[in-house]
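Only a predicted model underlies this, so the values are computations on that prediction, with no experimental measurement involved.
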Amino acid sequence: LKKAKERLNLVRRNSILMTGLLGAIAIGAIAFSDASRKATLTAQTSQVETLTTLANDRFQQNQQLEATVTALRAIKVLKQTNVPQDQYLPTLRNIILQSQEVNRLAIENPQQSSLLMIGVAVHPKQPILAASGSDGKIRIWRLDGKLINTIEGHKDKIWDVEFSHNGNFLASSSLDKTIKLWNLESLLEQKTTSLKSSPIDLGNSNAVYDADFSQNDDWLVSSGKDGVLQVRNLQSQQLGRKLSELDMRILAPRQTIEGGNLYRIYAVDINPLNNDWIAYGSNSDSNVYVWNWKQKSRPVSIGYNPRNDGITFVSFSPNGLYLAATSASGFVKLWRRKSFNVYEPLTEISAFKVRTHSLAFDQKSQFLAIASSEGTIKIWQISHLAQNPTNFQASFTLKRHQGEVNKLIFSHDSQYLISAGDDGTVRLWSLTLNTIQDKQLQAIDEVYKYGCSRIQSYLLNYPSLSPDERQSCIL
């Protein structure tokens with residue numbers, strides 16, 4: 001009995017020791033688990049902190065798409081972890097709401113390419129655009145960034161491209177002294193992915209800078225290095241053979257300026273209300289002219305650039321009420337039409353201190369966008385300029401092309417401004433920023449969904465994103 005009691009006491013002591021040991025192990029496991037969770041949370045917080053700082057730095061450096069992607073990556077971590085949101089979400093939300101660049105088109109990493117994008121045009125009926133490059137090729141993209149086709153045929157830089165108003169043709173103007181007409185009917189109607197038709201070759205005596213279709217697509221007017229405007233009747237020719245006969249050959253005033261930069265006419269535009277009238281800017285005498293080419297009358301000068309450094313671009317507004325011109329020194333002039341040959345000066349804008357290459361009116365003739373050689377785009381509200389002709393404060397300023405912005409154009413619904421630049425990219429900018437109500441996007445899920453919806457095409461199609469960047473919106 002005594003031995004039985006001793007064994008019982010031993011069992012009890014061992015049980016107490018075991019219980020204590022198990023308790024200690026459990027406490028240690030809990031402590032280890034807490035430490036592990038704290039370490040994980042610390043690492044996740046550090047990751048969010050790093051991404052938020054990087055997103056803000058990129059936004060301050062006008063790298064809007066890169067900033068948006070980085071902000072979405074940070075929000076993705078916040079959604080998947082217990083990192084406190086209040087410290088980071090306001091900054092990330094502001095970046096996503098304020099970013100205006102929503103897509104970027106390129107064939108490769110622009111930083112590793114010497115390709116320049118010089119011209120761009122948007123199709124009038126389909127969500128596609130054409131962009132011309134310094135390599136003599138034309139690329140057809142969907143607006144979502146999917147490359148449809150690459151067209152070859154020119155032997156030198158393609159200065160500009162232009163769709164016909166019916167959408168069946170694309171005209172390309174090149175320094176190889178040709179204009180080519182490309183038939184896009186099969187591409188648009190059969191939904192094919194390649195252009196099978198050969199271009200119609202419109203020969204020229206010198207480098208061609210610009211070409212514009214009349215509203216009914218019967219006529220094509222072009223300008224070039226030799227200061228000659230050429231007007232071709234496209235309907236009087238049989239498609240499929242070279243169109244070499246000119247219905248009219250118009251000589252611009254040939255005056256010299258210092259440096260011997262003679263004659264050049266960089267841009268020409270047909271009045272949308274009356275296709276008999278053409279506007280062009282002279283590089284030789286820095287005048288802007290309107291011309292009724294059918295009447296064979298002398299061109300009428302409506303004004304000049306007082307800095308005498310040449311006119312680089314001219315354009316009518318879609319409603320035909322305004323005419324604008326840019327210059328090599330950043331000087332921009334805007335006129336309002338009184339009659340087809342009389343225009344009154346509306347305002348003169350010192351838009352930039354550097355060369356301005358292009359301007360564009362939106363389809364509603366409400367905004368005027370101007371591009372510079374330093375990669376900056378400024379947008380003015382025309383009604384504001386009309387009411388305050390000496391107040392040049394831009395409604396929007398878009399920065400980030402690395403190099404010169406060569407061409408601007410608005411989409412046909414006026415929701416996007418599209419720019420082509422020397423950095424080898426075509427960029428799409430959203431102009432609907434001021435319609436967003438901040439109070440509608442407060443919760444993290446709403447901000448994340450909104451940001452992903454704006455740049456989903458960029459994440460899907462831009463060629464040089466990392467795997468982590470491309471999966472920013474995949475939970």
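Counting heavy atoms from C-beta on, the side chains of L273 and R337 come closer than 4.5 Å. Side-chain atoms of I96 and I75, non-hydrogen and from C-beta on, do get closer than 4.5 Å to each other. Here the side chains of I107 and K137 are not in contact, with every heavy-atom distance at 4.5 Å or above. At a threshold of 4.5 Å between non-hydrogen side-chain atoms, the residues Q44 and Q80 do not count as touching. Side-chain contact check for L465 versus L459: some heavy-atom pair is nearer than 4.5 Å. L143 places none of its side-chain heavy atoms less than 4.5 Å from the side chain of N103. Residues I382 and Q366 are not in side-chain contact: their nearest non-hydrogen atoms beyond the backbone lie 4.5 Å or more apart. Contact of the D445 side chain with the K79 side chain is registered, since non-hydrogen atoms from C-beta on lie closer than 4.5 Å.
Look at K180 and D176 and you find no salt bridge, because none of the NZ, NE, NH1 or NH2 atoms lies under 4.0 Å from a carboxylate O. A salt bridge links D144 to R142: at least one charged side-chain nitrogen sits closer than 4.0 Å to a carboxylate oxygen.
Each of V314, V208, D210 was compared with S223 under the side-chain contact (heavy atoms from CB on, under 4.5 Å) criterion, and only D210 meets it. Put simply, the residue from V48, L41, T42 that forms a side-chain contact (heavy atoms from CB on, under 4.5 Å) with T45 is L41.
Residues L398 and I379 approach most closely at CD1-CD1, 4.0 Å, considering heavy atoms.
For K407, the salt bridge (Lys or Arg N to Asp or Glu O under 4.0 Å) partners two or more places apart in sequence, or in a different chain, are D160.
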Next item on the list: Using the side-chain contact (heavy atoms from CB on, under 4.5 Å) rule, take V290 and N271 through it: C-alpha gap first, then chi angles, then the decisive distance, then the call.
Entry: CA-CA 9 Å; V290 292; N271 191 310; over 6 Å; no
Margin query: Please evaluate residues Q215 and I270 with respect to the criterion side-chain contact (heavy atoms from CB on, under 4.5 Å), reporting the C-alpha separation (whole Å), side-chain torsions for both, the decisive distance (0.1 Å), and the verdict.
Written below: CA-CA 8 Å; Q215 291 294 310; I270 299 177; over 6 Å; no
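The aromatic rings of F396 and F367 sit tilted, their planes meeting at an angle between 30° and 60°. Aromatic ring pairs are classed by plane angle as parallel below 30°, tilted from 30° to 60° and perpendicular above 60°; the pair Y266 and W159 is parallel.
With hydrogens and angles disregarded, a donor-acceptor distance shorter than 3.5 Å links the side chain of R454 to the backbone of S99.
Under a cut-off of 6.0 angstrom, the local environment of OH in Y458 is crowded, with over 12 non-hydrogen atoms contributed by other residues, nucleotides or ligands. Residue N216 qualifies as enclosed at atom CG: its count of foreign heavy atoms under 6.0 Å is above 12.
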